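This is the structure I want to talk about, given as structure tokens.
Computed from a predicted model, the values in this text were never measured in an experiment. Every chain is numbered from 1, with letters handed out A, B, ... down the list of sequences.
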There are 2 protein chains.
Amino acid sequence: MPVTIKVNEEVFTPRQQAVLTAALDLLVENGDGLTMTAVARRASCSKETLYKWFGDRDGLLTATVQWQAAKVRMPQVSRTGLTAKTLRLSIEQFARDLLTVITGEVSITLNRTAVTHAAQEKDSLGIIVLENGPLAIRRRLKPILEAGRDARLLRFDSSEDAYRTFFGLVVRDVQIRLLLGDKSLTQSNVTDNIEADVKAATDQFFALYGAKATV
Amino acid sequence: MPVTIKVNEEVFTPRQQAVLTAALDLLVENGDGLTMTAVARRASCSKETLYKWFGDRDGLLTATVQWQAAKVRMPQVSRTGLTAKTLRLSIEQFARDLLTVITGEVSITLNRTAVTHAAQEKDSLGIIVLENGPLAIRRRLKPILEAGRDARLLRFDSSEDAYRTFFGLVVRDVQIRLLLGDKSLTQSNVTDNIEADVKAATDQFFALYGAKATV
DNA sequence: CGGCAGCCGTACCGTACGGTACGGTTCCAA
DNA sequence: TTGGAACCGTACCGTACGGTACGGCTGCCG
């Protein structure tokens, strides 16, 4: 029996997933120049099938982004047995996940595609990327932060503000520079420093929101 | 005598600037769909002239972005007579400038254009935008930060790290959400809160890097 | 006044690509 | 065995757009 993956009410057969994989590969390789003919050739299928399955080019693009974005599932962090140590480890893990994702080639490609799309009054891809990127992190981080506050380990009025500050401390200018193609941020150049950046961002976050914080 | 503006060794006549203005307007209006025919019609010039002046479509795009990006000149902040009060006002001013710029429609358009361009293995536009956006801020902020350190008002090892943290505290997730077309961040929604965000970011920056900071 | 340079407007060309049509093949089910 | 559904490969169509060519207008300079 074929294994299907359910994504936002959309179900893709293995054959369709192979097509989407081909489309994603082409996106990552050739940047924005994704043509239907290229996808059909890469996936060894006919264009007619592409249009039958995905409607039009936008539908294929949306399916590809949606399918891939949903695959970025970051490991869940338990909120049980919350101590100062486990809380800090959780925060660090979130920072590490966030940095690892946004510096990845696939994430850069998807974000660029969505930004390009948004430049044409189409926001559907942007919403999908946002929903599976920053907002996914937020959904999972907020409960942890609030548990930390309940345990008197963190202090803040708005968990939304705390989350956004965390995002800023971790991401800083890395994402926009990567999206703009800054060559001085090579892949290794960033990934090599992830651990140090994670620690620094976590330190700063606790300095601002830790129970003993002065702000 | 015609007034010309010199931009990175490029000089544009008033007529050429009118063409670039038309191109920028179209870019802001129609997003990415900038066609040579549309620019020619809007600027009431012939396509032949466009190609004569700018070489090709990419040249026109580059000239437009370069010309407009260079116009974003943020007010200089004096570093003389540095006191705790003036330092704080300077930092706040930088935060305000940064937020005002990145939330502007023109900035969003230019960044989107550059990101789209970067998705096609062309990084020239990205470099221009980076150079005139984040890096311009950095060039002007770093001396202030270092003067603050010299005056024992700030504490940090690396002014680069301090700058990047400042960037993160100020920008947070606003820019990426705007680039992705997040509808929940309407223009007014953001601009109305700029002052509060500026104050919050500055408070946090001083909490982390002020002379009495605990980190 | 005559020639020429610059430019406008428009027509034109070539190509790339989105989308459609269709013949041929495989496979399943009646 | 046969009908048909799904799909592959390819050929095809229409259009949009980058880039070129050219005729006509204007204004400057000798």
Side-chain angles (χ1 to χ4, degrees), chain A residues 1-4 10-65 112-113 116-117 119-122 124-125, chain B residues 1-4 10-65 112-113 116-117 119-122 124-125:
Chain A
M1 176 181 182
V3 176
T4 57
E10 283 293 342
V11 174
F12 299 114
T13 67
R15 183 73 182 105
Q16 288 171 334
Q17 292 180 45
V19 170
L20 295 179
T21 300
L24 182 68
D25 288 349
L26 285 174
L27 265 187
V28 173
E29 291 171 23
N30 296 344
D32 195 16
L34 184 75
T35 72
M36 301 301 275
T37 305
V39 174
R41 193 161 39 223
R42 174 73 66 105
S44 292
C45 73
S46 72
K47 286 169 65 177
E48 192 178 21
T49 302
L50 291 185
Y51 285 100
K52 185 174 189 177
W53 284 348
F54 305 106
D56 55 8
R57 184 177 179 277
D58 246 41
L60 172 61
L61 216 52
T62 303
T64 304
V65 171
R112 279 182 182 158
T113 304
T116 300
H117 214 242
Q120 297 154 0
E121 283 108 295
K122 314 204 170 191
S124 54
L125 289 191
Chain B
M1 176 181 182
V3 177
T4 56
E10 283 293 341
V11 175
F12 299 113
T13 67
R15 183 74 181 105
Q16 287 172 334
Q17 292 181 45
V19 170
L20 295 179
T21 301
L24 182 68
D25 288 349
L26 284 174
L27 219 48
V28 173
E29 290 171 23
N30 295 346
D32 195 15
L34 184 74
T35 72
M36 301 301 275
T37 305
V39 174
R41 193 161 40 223
R42 174 72 66 104
S44 292
C45 73
S46 72
K47 285 170 66 176
E48 191 179 23
T49 302
L50 290 185
Y51 285 100
K52 186 173 189 177
W53 284 348
F54 304 105
D56 56 8
R57 184 177 180 277
D58 245 39
L60 173 61
L61 216 52
T62 303
T64 304
V65 171
R112 279 182 181 159
T113 305
T116 300
H117 214 242
Q120 296 153 1
E121 283 108 293
K122 312 204 170 190
S124 54
L125 288 191

Practice prompt. Any chance you could measure Q120(B), atom CD, to L125(B), atom CG, to the nearest 0.5 Å?
Written response: 9.5 Å
Worksheet item: Nearest 0.5 Å, what's the OG-NE2 distance between S124(B) and H117(B)?
Response: 5.0 Å
Discussion item. As an exercise, state the distance from CD of E29(B) to CG of L27(B), rounded to the nearest 0.5 Å.
Written reply: 10.0 Å
Discussion item. Rounded to the nearest 0.5 Å, what separates atom CD in Q16(A) from atom CZ in F54(A)?
Written reply: 5.0 Å
Worksheet, complete the sentence: For DNA chain D, consecutive-pair runs of 3 or more (Watson-Crick or G-U wobble, both H-bond-type distances under 3.5 Å) give C:1-30 with D:1-30
Discussion item. I'd like to check L34(B) versus N30(B) (side-chain heavy atoms, cut-off strictly below 4.5 Å). Are they in contact?
Written reply: no
Fill in: L26(A) side, atom CG; R41(A) side, atom CZ - distance, nearest 0.5 Å
9.5 Å
Discussion item. If the condition is side-chain hydrogen bond (donor to acceptor under 3.5 Å, both in side chains), which residues does T49(A) pass it with, not counting sequence neighbours?
Written reply: S46(A)
Worksheet item: Can you pull the salt bridge (Lys or Arg N to Asp or Glu O under 4.0 Å) pairs that have at least one residue in residues 11-23 of chain B, sequence neighbours excluded?
Response: none
Worksheet entry | Under 4.0 Å protein heavy-atom contacts per nucleotide of nucleotides 3-20 of chain D, with B for base, S for backbone only and - for none | ----SBB-------SBBB
Discussion item. Using side-chain heavy atoms (C-beta onward) and a distance below 4.5 Å, is L60(A) in contact with L20(A)?
Written reply: yes
Item to complete: Could you identify which residues of residues 19-28 of chain B place a heavy atom less than 4.0 Å from some atom of DNA chain D, listed by residue number, or say none?
Response: none
Item to complete: Under the salt bridge (Lys or Arg N to Asp or Glu O under 4.0 Å) rule, collect the residues that match up with K47(A), sequence neighbours excluded.
Response: none
